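Quick notes on the structure that follows.
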Amino acid sequence: MAQSAPSQHTLAPTIDSRAVLAWYDRHARDLPWRVAPADRARGARPDPYRVWLSEIMLQQTTIAAVRKYFAAFTTLWPTVRDLAAAPLDDVLVQWAGLGYYARARNLHACARAVVERFDGVFPTSAAQLRDLPGIGDYTSAAIAAICHDEQVAVVDGNVDRVLARFRALEKAVREEKPLIRAAVQAAVPARAGDFAQAMMDLGATICAPRRANCLLCPLEPDCLGARSGHPLAYPVPPAKAEKPRRHGHAFIIRHPEGKVFVRQRGPKGLLAKMTEIPGSPWQEDEAEPAFPFAADWRAVGAVTHTFTHFHLALSVWMARGDHPLDEGWWADETRLDNEALPSLFRKVLAAAGIS
DNA sequence: CAGCCGTGGGC
DNA sequence: TGCCCAAGGCT
C-alpha cells in the first residue's frame with residue numbers, strides 16, 4: 001500500500017454533493033411548487049400533487065411559461081381529486097397554449113388513476129410513480145426525491161449537460177446515459193430532494209446551454225470541462241434533422257352575431273382533441289384553396305408556425321355568414337379563452353383581426 | 001427506438 | 001430572420 005492513488009487528473013471526478021447542497025442553500029430559487037431548503041430542514045415537505053403538476057408542466061417547457069398555467073390549475077383544481085373530477089375538455093382548455101398536449105391528456109388520466117388506484121394519494125416510491133400515465137424515468141425520480149427524499153438519481157436535460165461537462169464526455173449524451181445515471185446515483189445524499197433540485201438549478205442558471213459561469217459553480221474544482229478551457233464544447237451536439245415546410249389554408253367562418261366556427265381535431269396525432277379553425281390538409285406542395293362552401297371568401301392574411309418537426313405556412317381566408325359545417329360549433333369571439341385553441345389557431349384568428 | 005409531439009424567448 | 005433551446009414520455 002505504499003503507492004499513493006493515481007493523480008486526480010487522470011481519474012473521473014466524482015460529484016461533491018456537499019458543495020452542491022451548500023450552493024443550493026444559498027441560491028435556491030423561490031418557486032410556487034417548491035419548499036425552501038430551510039423549511040425542508042425543519043421537516044416541511046411539498047405537496048406531491050403540486051410537485052407532480054409542476055413536473056409535468058415543466059417537461060420541455062420553461063419556468064416562465066409554466067408559472068401562470070400552474071397558478072390557474074391549482075386555483076381551479078386544488079387537489080388531485082378536483083382535477084380527476086373535471087372533464088377532460090376543461091383540462092384541455094386550461095392547457096391550451098402550453099403545448100405538447102399529450103401531457104394534458106396523460107395528466108388527466110393520471111389524476112383519475114391516482115384516485116381510483118390509490119384513493120387520491122400519490123404513491124411515494126419512484127417505481128410506483130413510474131407506472132402512472134405521463135410519468136417516466138425522470139418525473140418518477142423527481143417526485144420521489146423531492147417529496148420523500150428517496151435516494152434516486154434525478155437526471156433531466158440539465159443534469160445531462162452538467163455531467164457531460166463535468167466529465168468532458170466525448171460521445172453524445174444519448175450514448176452516455178448509463179454513465180451519467182451511475183455518476184449521479186453515486187452522489188445522491190440523504191437530502192435527495194434538495195440535491196436533485198440543486199443539480200437542475202445548477203444546469204439552468206450556472207452551467208447553461210450557451211453559457212458556463214464556472215467561477216460561480218460549486219463543481220468547478222473537479223470539473224474536466226472547466227479544466228479543458230472550453231466547457232461549452234460539451235455536450236457534443238446530436239445531428240440535427242431537416243425540418244420540412246408544409247402549406248395549407250384556414251377557413252374562418254364568421255357568424256353575424258360575433259361568433260366563429262370551430263371544431264374538434266381527431267383523437268390522435270398533432271394537437272389531438274384540441275379545438276381548431278377548419279382548414280385544408282397540410283401538404284408539402286402549395287395548393288389552391290378548396291373552400292367548404294360557396295361564399296365570398298376573402299384572403300385576410302397569412303400565418304407561419306413552427307412545430308417540433310416541421311414548419312407550417314397557412315393562408316387565412318374569411319367568409320361572413322351563418323353557414324356551419326357538419327361537425328363543430330360556434331365560438332363567441334369574446335369568449336375564446338373558453339376554447340381549447342392551440343397557439344397556431346390563435347395566430348390564425350389574430351391574422352383576421354379576431355382575438 | 002428513432003420519430004413524434006408545441007410553444008415562446010434568446011441570440 | 002432563423003435557429004436553438006427548455007425540469008420528457010410514448011410508441
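Proteins come first, then strands; the chains are lettered A, B, ... in the order of their sequence lines, and each starts at number 1. In this text, all values refer to a predicted model and were calculated from it rather than measured experimentally.
Using a 4.0 Å heavy-atom distance criterion, Ile63(A) is classed as a base contact. Here Thr308(A) lies in heavy-atom contact (under 4.0 Å) with a base. When heavy atoms are screened at a 4.0 angstrom cut-off, Gly203(A) is found touching no nucleic acid atom at all. As judged by a 4.0 angstrom heavy-atom cut-off over every strand, Leu31(A) is placed among the base-contacting residues. Residue Arg34(A) is in base contact, counting any heavy-atom pair closer than 4.0 Å across all strands shown.
The distance from atom NE2 of His311(A) to atom P of dG6(B) is 16 Å, rounded to the nearest whole Å. For the pair Glu276(A) CD and dG6(B) P, the interatomic distance rounds to 13 Å; values are reported in whole Å.
Between Gln128(A) and Thr124(A), the shortest heavy-atom contact is OE1-N, 4.3 Å. Across Val80(A) and Val115(A), no two heavy atoms sit closer than the pair O-CG2, 4.2 Å. Contact detail for Arg210(A) and Leu232(A): the closest heavy-atom pair is O-CD1, 3.7 Å.
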Shorter than 3.5 Å, N or O on both sides, protein versus nucleotides 4-6 of chain C: list them out with atom names.
from   : atom 1 : to        : atom 2 : distance (Å)
dA6(C) : OP1    : Arg161(A) : NH1    : 2.8

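Within the structure, every side-chain polar atom (N or O) of Arg105(A) is placed at least 4.0 Å from both OP1 and OP2 of dC10(C). An OP1 or OP2 oxygen of dC5(B) is reached within less than 4.0 angstrom by a side-chain nitrogen or oxygen of His309(A).
Side-chain N/O atoms of Thr139(A) and base N/O atoms of dG8(C) include no donor-acceptor pair closer than 3.5 Å.
Environment of CZ in Arg18(A): sparse, with no more than 12 heavy atoms of neighbouring residues, nucleotides or ligands closer than 6.0 Å.
Nearer to the 5' terminus of DNA chain C, by closest-nucleotide assignment, is the contact made by Ser54(A) (compared with the other of Ile135(A) and Ser54(A)). Taking for each of Lys347(A) and Lys268(A) the nucleotide of DNA chain B with the nearest heavy atom, the 5'-most of the two is the partner of Lys268(A). Between Ser140(A) and Arg245(A), the one whose closest nucleotide on DNA chain C sits nearer the 5' end is Arg245(A).
In this structure, Arg81(A) contributes its side chain and Asp119(A) its backbone to a donor-acceptor pair below 3.5 Å.
Taking CZ from Phe251(A) and CD1 from Ile277(A), the interatomic distance works out to 12.0 Å, rounded to the nearest 0.5 Å.
Ring planes of Phe70(A) and Trp33(A): perpendicular class, angle over 60° (limits at 30 and 60°).
Annotation: dC5(B) and dC1(B) have their C1' atoms spaced 16 Å apart (nearest Å). Nucleotides dG8(B) and dG9(C), compared at atom P, are 23 Å apart to the nearest Å.
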